[in-house]
2 protein chains.
Amino acid sequence: MRRMTARPANAHQARLLKLLRDGGPNSRAQLGDQVDLSRSKLAVEVDRLLETGLVVADGLAASRGGRRSHNVRLHPGLRFLGVDIGATSVDVAVTNAELETLGHLNQPLDVREGPVAVFEQVLSMAAKLRATGLAEGFDGAGIGVPGPVRFPEGVPVAPPIMPGWDGFPVREALSQELGCPVMVDNDVNLMAMGEQHAGVARTVADFLCVKIGTGIGCGIVVGGHVYRGTTGSAGDIGHIQAVPDGRPCACGNRGCLEAYFSGAALARDALDAAQQGLSAELAARLAAHGGLTAVDVAAAAAAGDATCLEMIREGGNRVGQVIAGLVSFFNPGLVVIGGGVTGLGHTLLAAIRTQVYRQSLPLATGNLPIVLGELGPAAGVIGAARLISDHLFSPA
Amino acid sequence: MRRMTARPANAHQARLLKLLRDGGPNSRAQLGDQVDLSRSKLAVEVDRLLETGLVVADGLAASRGGRRSHNVRLHPGLRFLGVDIGATSVDVAVTNAELETLGHLNQPLDVREGPVAVFEQVLSMAAKLRATGLAEGFDGAGIGVPGPVRFPEGVPVAPPIMPGWDGFPVREALSQELGCPVMVDNDVNLMAMGEQHAGVARTVADFLCVKIGTGIGCGIVVGGHVYRGTTGSAGDIGHIQAVPDGRPCACGNRGCLEAYFSGAALARDALDAAQQGLSAELAARLAAHGGLTAVDVAAAAAAGDATCLEMIREGGNRVGQVIAGLVSFFNPGLVVIGGGVTGLGHTLLAAIRTQVYRQSLPLATGNLPIVLGELGPAAGVIGAARLISDHLFSPA
DNA sequence: CCTCCTTTGTCCTGTGAGTGGAGAAAGTTG
DNA sequence: CAACTTTCTCCACTCACAGGACAAAGGAGG
């Protein structure tokens, strides 16, 4: 199939495309209820969208007591690629124009192998998805990387855990390989966009999305838009000082939050506990697998292991303390907790909530939900698809 | 003089009014260079503004090599009132439409006496300024209060240091008394707007404005607009935990930043130092005035008193630690330090800078100026005038 | 089957926003 | 005084958009 190249010609068309993306097939009348345009003007714009091929007719809707309406929808052949590169694994998904996931792959990966090796793997995963018949090509791709990004250019800048990626033209390179427009962002921002589009943050204008995985980051949404900061490093909360003169951190400082609670720190603490005989559960798992990760801690905690529960509680307290400060500062309408450690579940959430509700002012916490993300690993790829669709569904 | 009641009829007119406010008298040609409208359309909108009386002709400009241009300017009789209510004093100023300060009064005040007493004083100060012939009436007023505000309604909510103000309809009451439109905001936000309009933050889109006075607050500007949070309490950083299990704070928690460094904490520490004989300088001042404030500490430090210098350094370190966290999180393009303790000057600034540059990541601090506000006590009232002018110079 | 009402979609005309060019007005330079 | 520049005004043309008339298509009741 020929790929779509058209873009909306004006703000009205952009608005309509986004309504069709988020609301599925709609009639002109239904669209008219949402856009404050006269029916005649609306019809003109819809007709123009039909001409471009971005939108197609979709049969008749049931009658609502009068003449049946002619539905329109986004072209069913449109395909977006969502890529979420983590420190230790990568997610790739294909969506249609309504951002529904049609196929999803996850593979282990070491981001430190550099952009060339990683892209090879990503492209082969994309090819595999395409080979299943889900897509003949892609109309756009969004991609998330675990580090700061100079957003307009789509280039990682000074990424601590991705040596070799600094300044690599991710956007341009991938766009060339895939033959479609590409947008690049921080993985945490994409998670926030995912939860905003299809998860727990659908109705909230200002919220924080804390992702605890190999590292710790925080997506910041202001007035419905991701805030990226002056140099693209906003939300980089992993190296906020949690303990004065505390543990040394890989960044060179001491007492950073990430040194106390993150996938990496948790794995190290688990190994210590197993070797010191503090947890039979962990020792058994260490013997079985030859190594420990946050997943083992989660499993042991679920089995009632006291040491692991305490580790999670303590880590949750530290994260909660930092989040409490951010809540005082930012006064969000919602805090979402996500990332690899979501498996730690309610124990973690309870510790975080306790700290925030205790330390922040009542006015800021009075009506503040603190919840786990509801999309899990899909948040990133959905956010990635959302990113590129927001771009393509905006006037050129 | 008859007060102006007109408002811009559309976004173009609003834009033009703001250009005239920020740029002073301008010709049609100069305006045309800034607004991306055809000269004919521009002339139409300017003529309409002239009809409303908001804008008046202002003679001929010098020739630039051809026909001399006809200048227009905002009506010279327009007057805004800026009010900045602090915990212990109040500033009232009158500005013209270009937000130039025409008169400024400062008086001591105890905000805890409640809104009725405070308004009486503010109104008498406004009357005094009017009596000097600066204004015959006010076209609008902006007012800042030292606590969170439900912005759309202009009502303080749960203000910790302003008992008796909770829910008081400040905007409505003052609007009735003054007979003009009124906007209410947090004093810290107004300081940020002041520095943005006429101070150090003129060219920065995203910045933080930390005000250290009786309490500590932080104005947050995102994309040129003040961010107020979900319930209007954004920037309330005084009760972020600076020291785990530290000093008790008035808010009921322990270790809050405000308990360590603010006008009130500094005064208390100074009293302790004087009584324990740690500072001859402070002891002398205590004997002379019967009490100590941050001003005494500043003076003693300026005279080289080691104890006071150490107090400032230590306080600066604590504030700097918190700011370092905020810089990592928010990645601003500028940090402005202001408020009553600005008198502590370079010692304070150096301590803050040290902490931030040491603790935050290079990408966030690489090109981050940390500077003192340049407007001093005028920042609040200028910000207040800016607030109401932004409101009045927007389409109704 | 017919009539009346509802909903949806199309067509047409009028209005106002906005552009761009011609040209007048006012000035400078040589 | 001629030539050139800048500023401002006037006018004709285009396009965006609203709103009403009307046609198309359906349901409910007689």
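In what follows, every chain begins at residue 1, and chains take the letters A, B, ... in the order their sequences are listed.
- Look at A:S69 and you won't find any side-chain N or O under 4.0 angstrom from OP1 or OP2 of C:dT8.
- Salt bridge present: B:E45 and B:R48 bring a charged side-chain N and a carboxylate O closer than 4.0 Å.
- Look at CD on B:E45: it is 8 Å from P on C:dA17, rounded to the nearest Å.
- A straight line from CG of A:N10 to C1' of D:dC17 spans 12 Å, rounded to a whole angstrom.
- Just one residue in the list B:R73, B:R21, B:R79, B:R386 forms a salt bridge (Lys or Arg N to Asp or Glu O under 4.0 Å) with B:E98, and that residue is B:R73.
- Checking the phosphate oxygens (OP1, OP2) of D:dT5, no side-chain nitrogen or oxygen of B:R64 falls inside 4.0 Å.
- Listed pair B:R28 / D:dT9 meets the phosphate criterion, a side-chain N or O lying under 4.0 Å from OP1 or OP2.
- If A:R68 and A:K41 are placed on DNA chain D by their nearest nucleotide, the residue sitting closer to the 5' end is A:K41.
- For B:H70 and C:dA25, the shortest distance from a side-chain N or O to OP1 or OP2 is not below 4.0 Å.
- In this structure a side-chain-to-backbone donor-acceptor pair under 3.5 Å is present from B:R7 to B:H391.
- Spacing between atom CG of A:L42 and atom C1' of D:dG19 amounts to 15 Å, rounded to whole angstrom units.
- For A:L60 and C:dT7, the CG to C1' distance is 13 Å, given to the nearest whole Å.
- Between A:N26 atom CG and C:dG9 atom P there is a gap of 11 Å when expressed in whole angstrom units.
- Here D:dT6 presents its C1' atom at 14 Å from CG of B:N71, a figure rounded to the nearest Å.
- Side-chain N/O atoms of B:R39 include none lying less than 4.0 angstrom from OP1 or OP2 on C:dG20.
- The base of D:dT6 does not come close enough to the side chain of B:R67 for any donor and acceptor atom to sit less than 3.5 Å apart.
- In terms of position on DNA chain D, the residue among A:R48 and A:G66 whose nearest nucleotide sits closer to the 5' end is A:R48.
- No donor-acceptor distance shorter than 3.5 angstrom exists from the side chain of B:Q30 to the backbone of B:N26, with no hydrogens or angles considered.
- B:S40 comes within contact range of at least one nucleobase, with a heavy-atom separation under 4.0 Å.
- Contact annotation for B:S63: backbone-only contact, meaning every heavy-atom pair under 4.0 Å involves sugar-phosphate atoms and none involves a base.
- Panel note: side chain B:Y227, backbone A:F330; a donor-acceptor pair is recorded below 3.5 Å.
- Taking only side-chain nitrogens and oxygens, B:H12 never comes nearer than 4.0 Å to OP1 or OP2 of C:dA17.
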